[in-house]
Amino acid sequence: MTSLPPLREVISKYGLSASKALGQNFLFDHQLLARIAKVPGKLDGAEVFEVGPGPGGLTRALLEGGASVTAVERDRRCIPALEELGTFFPGKLKVIEGDALEVDAPSLFEGKPHVVANLPYNVGTALLVGWLSAAWEPWWASLTLMFQKEVAERIVAGPDTEHYGRLAVLSQWRSTPRIAMNVHRSAFTPPPKVMSAVVHIVPAEAPEGVRLKTLETLTAAAFGQRRKMLRQSLKGVPGALAAMEGLGIDSARRAETVTVAEFVALAWTLSQA
């Protein structure tokens, strides 16, 4: 097989530059991209869903790892570069021009793909919440996603910490997230103003009898007024104060002290009503 041209050469050939409007920041470091591609584990023969591949730096690392990649790219300027990359890996890369928020991703795969992406900053959280909020067990095998470091910390945060909130509860009540690696801002072109981190999320068994909508209502109320005691922040949620009393959760506590398990227990009680 003819060797792949350097990524910078590809970008120069197609006149590509990172679009601020699309939240793009390109990664060129091949070793770093290879490390990210290895986070989900062995990819030989696996299906991978990539969002926002841009010029294809991470895409080539995934393909070199043996994956079959389906990539959704909104920026049509990048499509020719991705199609050229596909010629080096016949039958292994499918490129879809479109918006990942609108694509019916589960229908694109025979099995459960690993989702691996350097997510555009402006849609990353929305995509994650959509993937975590869908039917369970999920259509994906794992999520390996690049976020701003502060968002990554919010995903993995524990109670009584600065970053603990709704996103932590939503991420942890039926999946297990961890920060796989930090990525310095200088690794990107152009360098963003903030540091980044790669989060790896694997699905866990969902607690039985808990309605997601109930959990979302609880956490929205609790963290929407996080400085208030639970007796104040949750008084508008029907049955919440009685459920807390029944579970022995002190209503004088604040939301950031309530564990994921306690939120799940509250949601379970209210889901039975």
Side-chain angles (χ1 to χ4, degrees), residues 39-40 115 119 124-182 197-273:
V39 169
V115 181
L119 290 174
T125 305
L127 283 167
L128 174 64
V129 169
W131 292 330
L132 292 173
S133 301
W136 217 257
E137 291 279 331
W139 57 272
W140 42 269
S142 73
L143 305 174
T144 301
L145 308 171
M146 178 93 72
F147 290 101
Q148 296 177 45
K149 189 175 181 182
E150 183 181 342
V151 175
E153 289 171 338
R154 284 168 52 204
I155 293 166
V156 305
D160 264 332
T161 62
E162 176 189 358
H163 296 287
Y164 185 64
R166 291 185 70 193
L167 191 56
V169 178
L170 179 62
S171 301
Q172 296 173 36
W173 80 286
R174 57 182 183 183
S175 73
T176 306
R178 67 180 177 90
I179 292 181
M181 56 192 287
N182 293 313
V198 176
V199 177
H200 184 58
I201 300 175
V202 292
E205 194 170 323
E208 287 188 23
V210 178
R211 288 198 300 261
L212 172 62
K213 190 168 181 57
T214 302
L215 185 64
E216 288 179 327
T217 299
L218 268 174
T219 53
F223 289 106
Q225 304 177 72
R226 62 186 300 145
R227 294 300 165 208
K228 292 188 176 180
M229 295 180 191
L230 293 172
R231 67 167 66 105
Q232 288 297 321
S233 61
L234 293 183
K235 67 181 180 181
V237 180
L241 298 185
M244 277 193 297
E245 186 177 353
L247 291 166
I249 298 173
D250 186 352
S251 64
R253 291 167 63 186
R254 292 178 170 82
E256 65 262 28
T257 72
V258 181
T259 66
V260 174
E262 287 175 320
F263 271 119
V264 168
L266 263 177
W268 183 89
T269 302
L270 296 178
S271 296
Q272 311 313 305

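Computed from a predicted model, the values in this text were never measured in an experiment. The analysis underlying the following values was restricted to heavy atoms, covering all of them including side chains, and did not include hydrogens, waters or symmetry mates.
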Taking the side chain as every heavy atom from C-beta outward, state whether Trp131 and Leu145 have any atom pair closer than 4.5 Å.
-> yes
Validation: residues 160-169 side-chain donor-acceptor distances under 3.5 Å, sequence neighbours left out:
from: Thr161; atom 1: OG1; to: Gly158; atom 2: O; distance (Å): 2.5
from: His163; atom 1: NE2; to: Glu153; atom 2: OE1; distance (Å): 3.0
from: Tyr164; atom 1: OH; to: Val258; atom 2: O; distance (Å): 2.6
from: Tyr164; atom 1: OH; to: Val260; atom 2: N; distance (Å): 3.3

Applying ring pair (Phe, Tyr, Trp, His ring centres under 6.0 Å), which residue pairs with at least one partner in residues 200-222 are found, sequence neighbours left out?
->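 Checked against ring pair (Phe, Tyr, Trp, His ring centres under 6.0 Å) - neighbours excluded - no pair reaches residues 200-222.
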With a cut-off of 3.5 Å and sequence neighbours excluded, list every side-chain donor-acceptor pair involving residues 261-273.
from: Glu262; atom 1: OE1; to: Arg253; atom 2: NH2; distance (Å): 2.8
from: Glu262; atom 1: OE1; to: Thr259; atom 2: N; distance (Å): 3.0
from: Glu262; atom 1: OE1; to: Thr259; atom 2: OG1; distance (Å): 3.4
from: Glu262; atom 1: OE2; to: Arg253; atom 2: NH1; distance (Å): 3.1
from: Trp268; atom 1: NE1; to: Glu208; atom 2: O; distance (Å): 3.3
from: Thr269; atom 1: OG1; to: Ala265; atom 2: O; distance (Å): 3.0
from: Ser271; atom 1: OG; to: Arg211; atom 2: N; distance (Å): 3.0
from: Ser271; atom 1: OG; to: Ala267; atom 2: O; distance (Å): 2.6
from: Gln272; atom 1: NE2; to: Gly209; atom 2: O; distance (Å): 2.8
from: Gln272; atom 1: NE2; to: Trp268; atom 2: O; distance (Å): 2.8

Who are the side chain to side chain donor-acceptor pair (under 3.5 Å) partners of [X], not counting sequence neighbours?
| X | answer |
| --- | --- |
| Lys235 | Gln232 |
| Glu137 | none |
| Ser142 | His114 |

Would you confirm whether Thr219, through its side chain, and Glu216, through its main-chain N or O, come within 3.5 Å as a donor-acceptor pair?
-> yes
Which residues pass the side-chain contact (heavy atoms from CB on, under 4.5 Å) test with [X], sequence neighbours left out?
| X | value |
| --- | --- |
| Ala134 | none |
| Ala252 | Met229, Arg231, Asp250 |
| Pro138 | Trp136, Trp140, Pro203 |
| Glu245 | none |

Non-neighbouring partners of Phe147 that pass ring-ring contact (aromatic ring centres under 6.0 Å, His included), sequence neighbours left out = none
